[in-house]
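Read through the structure below, which is laid out as structure tokens, and then see the notes.
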Amino acid sequence: MNSVQEVRILAIESSCDETAAAVVVNGRDVRSNIISSQIDIHTLYGGVVPEIASRKHMERINQVIAQALDTAGMSLDDLDAVAVTYGPGLVGALLVGVAEAKAVAYAKKLPLLGVHHIEGHISANYIENKDLEPPFLCLVVSGGHTHLVQVRDYGVYEVVGRTRDDAAGEAFDKVARAIGLGYPGGPKIEKAACAGNADAIYFPRAKVGGSDYDFSFSGLKSSVLNYLNGCKMKNIPVNQADVAASFQKAVIDVLVSHAVHAMEQYGVKKFAIAGGVASNTALRSSMKAACKERDVHFYYPSPVLCTDNAAMIGTAAYYDYIAGRRDGWNLNAVPNLKLG
Ligand code: KG4
Ligand code: ZN
């Protein structure tokens with residue numbers, strides 16, 4: 001450890017289309033959080049192209065790390081550990097971060113820590129909520145995941161519910177494309193929805209057999225596509241804002257009702273949201289109201305900490321570090337890594 005008894009972690013995140021690096025001190029003190037987004041390139045193709053993502057990570061990662069160290073006012077010699085997302089995600093994209101983290105850790109003789117991407121999203125809540133400690137219930141809603149997770153302790157998770165098909169963010173992205181809003185869909189739908197009537201069209205709220213907490217969004221997506229086809233066949237103009245608002249409401253209703261059910265069944269006093277979709281203002285306010293009604297403390301990260309970033313990876317890694325967990329040089333990218 002350095003002379004000032006701080007744990008300084010360089011964290012790297014490259015699981016999808018953001019090349020990110022951060023320096024996090026003692027878990028919750030973010031000294032830098034650099035995110036190089038590839039959205040402009042992927043927008044041209046209407047979604048993330050895995051091979052382009054890997055190539056762009058390779059081009060940018062060294063510069064992003066240099067910037068993270070520079071902003072934190074540190075050099076590689078000031079670090080205590082290197083952390084990296086090793087799954088789940090796009091395998092080629094993950095590999096760039098994992099190889100880079102190994103190279104830095106090996107060269108500087110530092111411990112290496114592989115972090116689960118969803119654990120990172122959950123841990124984003126610790127950064128601005130200095131008093132938040134497990135246990136709590138967390139809804140992780142992103143482009144690749146929709147998980148309802150009981151956070152029993154640092155690093156100890158029980159997945160209570162998950163999507164059986166599309167993730168919530170994936171549904172936002174697919175519906176946005178169908179109504180001509182383009183990629184990434186979430187923020188565009190949210191914006192369009194502001195001018196629409198959320199009760200204009202009724203889209204179904206799916207129940208999943210065999211589980212009270214699992215989600216399904218592919219039926220909702222199909223229902224929107226059927227509605228759009230119906231309008232086309234009948235030559236009725238589509239009100240983009242009404243579709244966006246009605247779809248968004250259907251997603252939020254399902255997320256809130258499952259979360260509330262789990263809060264009540266598990267008797268939780270603390271509830272958090274995480275992941276890209278957690279930056280949605282309508283979702284945040286519905287969750288906030290539902291928690292308030294039940295006297296449950298509601299936690300949520302700032303939007304920049306909801307979408308992919310490396311600060312959340314550094315925070316998660318800190319709790320592994322102080323628990324003494326370390327990874328070996330055989331750490332590999334695991335595209336379908338399970339949580340818990
Ligand atoms: O967490 P994230 O950056 O990446 C993954 O791990 O997947 O989440 C990206 C997802 C995308 O599907 C994007 O459309 C969605 O989060 N998203 C939103 C909003 N901002 C991002 N969805 C709804 N409303 C938003 N404001
Ligand atoms: Zn993510």
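Both counts, for ligands and for their atoms, begin at 1 and track the order of listing. Please read all numbers here as calculations on a predicted model, not as lab measurements. Numbering of residues begins at 1 and proceeds along the displayed sequence.
Taking every non-hydrogen atom of Gly144 and a distance limit under 4.0 Å, the qualifying atoms of ligand 1 come out as 7 (O). Within ligand 1, counting atoms from 1 as listed, the ones closer than 4.0 Å to a heavy atom of Gly169 are 12 (O). Atoms of ligand 1 lying under 4.0 Å from at least one heavy atom of Gly143, given by number and element, are 5 (C), 7 (O), 8 (O), 9 (C), 10 (C), 12 (O). With ligand atoms numbered from 1 in the order given, ligand 1 contributes 1 (O), 6 (O) to contacts under 4.0 Å with heavy atoms of His121. In summary, the atoms of ligand 1 found under 4.0 Å from a heavy atom of His117, numbered by their order in the structure, are 6 (O).
Atom CD of Gln63 has 12 or fewer heavy atoms from other residues, nucleotides or ligands within 6.0 Å. Heavy atoms from other residues, nucleotides or ligands lying under 6.0 Å from CE of Met74 number more than 12. More than 12 heavy atoms of other residues, nucleotides or ligands sit less than 6.0 Å from atom NZ of Lys130. By the neighbour-count criterion of 12 heavy atoms within 6.0 Å, atom OH of Tyr106 is sparsely surrounded, having that number or fewer from other residues, nucleotides or ligands. Other residues, nucleotides and ligands place more than 12 heavy atoms under 6.0 Å from the NZ atom of Lys269.
Residue, atom and distance of the protein heavy atom nearest to atom 22 (N) of ligand 1 are Gly186 CA, 3.2 Å. The nearest heavy-atom contact from the protein to atom 24 (N) of ligand 1 is Asn280 ND2, 3.0 Å. The nearest heavy-atom contact from the protein to atom 3 (O) of ligand 1 is Asp308 N, 3.0 Å. Atom 11 (C) of ligand 1 has its closest protein heavy atom at Asp173 OD2, 3.6 Å. Looking only at heavy atoms of the protein, atom 26 (N) of ligand 1 is closest to Glu190 OE1, 2.6 Å. For atom 15 (C) of ligand 1, the nearest protein heavy atom (residue, atom name, distance) is Val277 CG2, 3.9 Å.
If you look at Thr307 next to ligand 1, the close heavy atoms, those under 4.0 Å, come from the backbone and the side chain alike.
Backbone and side-chain nitrogen or oxygen atoms of Gly276 are examined, and one is located within less than 3.5 angstrom of a nitrogen or oxygen of ligand 1. Ligand 1 has no N or O atom lying under 3.5 Å from any N or O atom of Glu18, backbone or side chain.
Paired with Pro134 under the rule side chain to side chain contact (heavy atoms under 4.5 Å, CB included), one option of Tyr319, Tyr126, Tyr157 passes, and it is Tyr126.
For Ile313 against Ile12, the heavy-atom pair with the smallest separation is CG2-O, 4.0 Å. Nearest heavy atoms, Arg164 versus Gly210: NH2-C, 4.3 Å.
For Tyr318 and Asp29, the side-chain atoms include no donor-acceptor pair closer than 3.5 Å.
Residue-and-atom listing of protein N/O/S atoms under 2.8 Å from the Zn ion (ligand 2), sorted by chain and number: His117 NE2, His121 NE2, Asp308 OD1.
Summarising the geometry, atom CD belonging to Glu119 is positioned 11.5 Å from atom SG belonging to Cys138; distances are rounded to the nearest 0.5 Å. A distance of 5.0 Å separates CG of Asp308 from CD of Glu13, quoted to the nearest 0.5 Å. A distance of 10.0 Å separates CD1 of Ile122 from CG of Leu139, quoted to the nearest 0.5 Å.
Separation of the His258 and Phe215 ring centroids falls under the 6.0 Å cut-off.
For Ser279, the closest heavy-atom approach to ligand 1 falls below 4.0 Å.
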